[in-house]
Amino acid sequence: MRAELSVAQARRIALAAQGFADPPPAGEPTRRHLRRVLSRTRLLQLDSVNVLARAHYLPAFSRLGAYRDGLLDGAAWRPRARSPRLLAEYWAHEAALVPVDDWPLFGWRMDEYRDGRYRHTREVLQRNRSRAADVLAVITDQGAMTPREIEDALGITRAPAERGSWWMRGEVKHLCEAMFAAGSLSAVRSPHFHRHYDLAERIVGAERVGVTVGRRDAHRELVSRAAAAHGVATAADLADYYRLRTAEVRDVLGDLVDAGVVAQVRVDGWSEPAYLHRDARLPRRVPHSTLLSPFDPLVFYRPRTERLFGFRYRIEIYVPEHKRVHGYYVLPYLMDEELTARVDLKADRAAGVLRVLSAHAEPGADTARVARSLAVDLAALADWRGLDRVEVTGRGDLGPALRSEAAPG
């Protein structure tokens, strides 16, 4: 592959690295197909927003099409004897599901978080080390538990005003979070997305918890994984994937270059050098169309998204409604190697409707062609989420054409 790449070539390399050039399943996606997705993405970011579907479910749909949620649930939280756990939750790219075999690679971060990730959590732990020991003993004895169940087991009561208020969590929750960050506890999620904390060795396996990987070796391996997931990337791109410091990435890039894992290249228009993974592929074309989660690894680092696709993307969940430009839960639309539109979606489960609250085409996009393709993909998304129909009700320049394409009959 050449040492100089156009942005279009870099884009196809990135799409292939993330699994968008892989052949679709011939039938219903299986665990083998999920493994293939995970081998591309390396992680699945978690997010609690459920206005459409929780974030970790969407990347597999974007790459495989409709699949059973239970396929991912079993891989992460409800394994069976013949289908062992593939994923565990930890702080990777924010809260994320990572392959259980990667657990030892985060030991250095667990050391950094040995008293918790956040200041208030650290303060709670420092005041309550004896209670933390009690919490650990209860979990050891009784197995996976929620903070409320732990409080009940320890005879701890909270003031009525605290009950049901996530921003007034009891101290037990903070103690569990501190031990989760330190790696002594891991967690599984309930169908309602609540964490049930358990000993890390029970979830990821004692053989993994007991492995120690040096900080530099772990960084080198994580950067190698990030490089494979990107295909081609700057040092800043690589750093963001696992939330490393850019200096830490630069510190090991020379090793990876010397080992032939990556090669330095230039991408036209990029101000920084890029690094091409040795397994990167450059397909002639990537004829894939799909909707992307705001937290999809292809787009979760917004500066890279803008460099690759010319697509300026900001999530507006925390923006006051009257200040939002595109909407609350806006998904980019990938079509034939470009991000051609963005749609604000909501699953109205009671009515059985996927509501398109806004639809905007990107500058220069063929609105009619985008609307035809997007209507098909919205129908597939609705069907996957068990919704009966799509209704285009909102604003945006793409709305009229999309409304016409999505209309029944």
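Only heavy atoms go into these numbers, but all of them, side chains included; no hydrogens, no water, no symmetry mates. These figures come from a predicted structure and were not determined experimentally.
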Establish, yes or no, whether a centroid distance under 6.0 Å links the rings of Phe300 and His93.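 Yes, the ring of Phe300 comes within the 6.0 Å limit of the ring of His93, centre to centre.
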Out of Glu149, Met145, Met179, Lys173, which one pairs with Tyr197 under the side-chain contact (heavy atoms from CB on, under 4.5 Å) rule?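 Filter result, single survivor: Lys173.
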Picking from Leu87, Leu97, Val98, what satisfies side-chain contact (heavy atoms from CB on, under 4.5 Å) with Leu38?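 Testing Leu38 for a side-chain contact (heavy atoms from CB on, under 4.5 Å) against Leu87, Leu97, Val98 leaves exactly one candidate, Leu87.
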Tell me, which pairs form a side-chain hydrogen bond (donor to acceptor under 3.5 Å, both in side chains) where one or both residues lie in [range], sequence neighbours left out?
range            : answer
residues 290-303 : Arg63-Asp296
residues 178-193 : Glu89-Arg189
residues 304-315 : Asp237-Arg304, Asp237-Arg307
residues 95-104  : Asp101-Arg208, Asp102-Arg225

Using 4.0 Å as the upper bound for N to carboxylate O, is an ion pair formed by [Y] and [X]?
X      : Y      : answer
Asp344 : Arg324 : no
Arg216 : Asp251 : yes
Arg78  : Asp73  : yes
Asp217 : Arg220 : yes
Glu316 : Lys323 : no
Arg245 : Asp240 : no

Side chain proximity check, [X] to [Y], heavy atoms < 4.5 angstrom:
X      : Y      : value
Glu221 : Leu256 : no
Asp69  : Arg385 : yes
Leu136 : Leu199 : yes
Leu291 : Met335 : no
Thr41  : Leu44  : yes
Gln9   : Asp268 : no
Glu337 : Arg285 : yes
Phe309 : Val7   : no

Closest contact, heavy atoms only, [X] versus [Y]:
X      : Y      : value
Ala178 : Leu125 : CB-CD2, 4.0 Å
Leu64  : Pro25  : O-CD, 3.6 Å
Ile203 : Ala187 : CD1-N, 3.4 Å
Arg395 : Gly327 : NH2-N, 4.1 Å

With a 3.5 Å cut-off and sequence neighbours excluded, list the donor-acceptor pairs that the side chains of residues 374-381 form with protein atoms.
from: Asp377; atom 1: OD2; to: Ser289; atom 2: OG; distance (Å): 2.8
from: Asp377; atom 1: OD2; to: Tyr333; atom 2: OH; distance (Å): 2.5

Who are the side chain to side chain donor-acceptor pair (under 3.5 Å) partners of Glu112, not counting sequence neighbours?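 With sequence neighbours excluded, Glu112 shows a side chain to side chain donor-acceptor pair (under 3.5 Å) to Arg215, given in chain and number order.
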Quick check for you: to the nearest 0.5 Å, what is the distance between [X] atom [atom1] and [Y] atom [atom2]?
X      : Y      : atom1 : atom2 : answer
Leu345 : Leu52  : CG    : CG    : 5.5 Å
Leu238 : Leu253 : CG    : CG    : 6.0 Å
Leu387 : Glu391 : CG    : CD    : 11.0 Å
Ser358 : Asp397 : OG    : CG    : 10.0 Å
Leu43  : Glu94  : CG    : CD    : 11.0 Å
His326 : Arg342 : NE2   : CZ    : 4.5 Å

Carefully, step by step, assess Ile139 and Ile150 under the rule side chain to side chain contact (heavy atoms under 4.5 Å, CB included). CA-CA 8 Å; Ile139 292 173; Ile150 296 168; 3.8 Å; yes
Can you pull out every ring pair (Phe, Tyr, Trp, His ring centres under 6.0 Å) where at least one residue sits in [range]? Sequence neighbours excluded, please.
range            : answer
residues 19-43   : Phe20-His288
residues 34-81   : His56-Trp77, His56-Phe193, Phe61-Trp384, Tyr67-Trp384
residues 215-237 : Trp108-His219, His230-Tyr241

Contacts of type side chain to side chain contact (heavy atoms under 4.5 Å, CB included), residue [X], not counting sequence neighbours:
X      : result
Ala274 : Val232, Val265, Val267, Trp270
Ala137 : none
Ala21  : Ala16, Arg281, Pro283, Val286

Describe, in one word, how the ring planes of His174 and His120 are oriented to each other, choosing from parallel (under 30°), tilted (30 to 60°) and perpendicular (over 60°). perpendicular
Counting only heavy atoms not in [X], do more than 12 fall under 6.0 Å of its [atom1]?
X      : atom1 : result
Arg127 : CZ    : yes
Arg403 : CZ    : yes
Glu321 : CD    : no

For a side chain to side chain contact (heavy atoms under 4.5 Å, CB included) check, start with the C-alpha distance between Tyr113 and Tyr118, then their side-chain angles and the critical distance, and finish with the verdict. CA-CA 9 Å; Tyr113 293 163; Tyr118 300 109; over 6 Å; no
As a quick check of understanding, evaluate salt bridge (Lys or Arg N to Asp or Glu O under 4.0 Å) for Arg355 and Asp348, giving each step before the final call. CA-CA 7 Å; Arg355 300 198 184 278; Asp348 185 340; 2.9 Å; yes
Does Arg109 count as lying over the ring of Trp91, i.e. NZ or CZ under 6.0 Å from the six-ring centre, within 45 degrees of the axis?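 Cation-pi check for Arg109 and Trp91: fails.
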Intermediate values then yes/no, side chain to side chain contact (heavy atoms under 4.5 Å, CB included), Ile315 and Val330: CA-CA 7 Å; Ile315 193 163; Val330 176; over 6 Å; no
Step-by-step side chain to side chain contact (heavy atoms under 4.5 Å, CB included) determination, Glu338 to Arg11: CA-CA 9 Å; Glu338 301 279 358; Arg11 193 160 51 235; 3.2 Å; yes
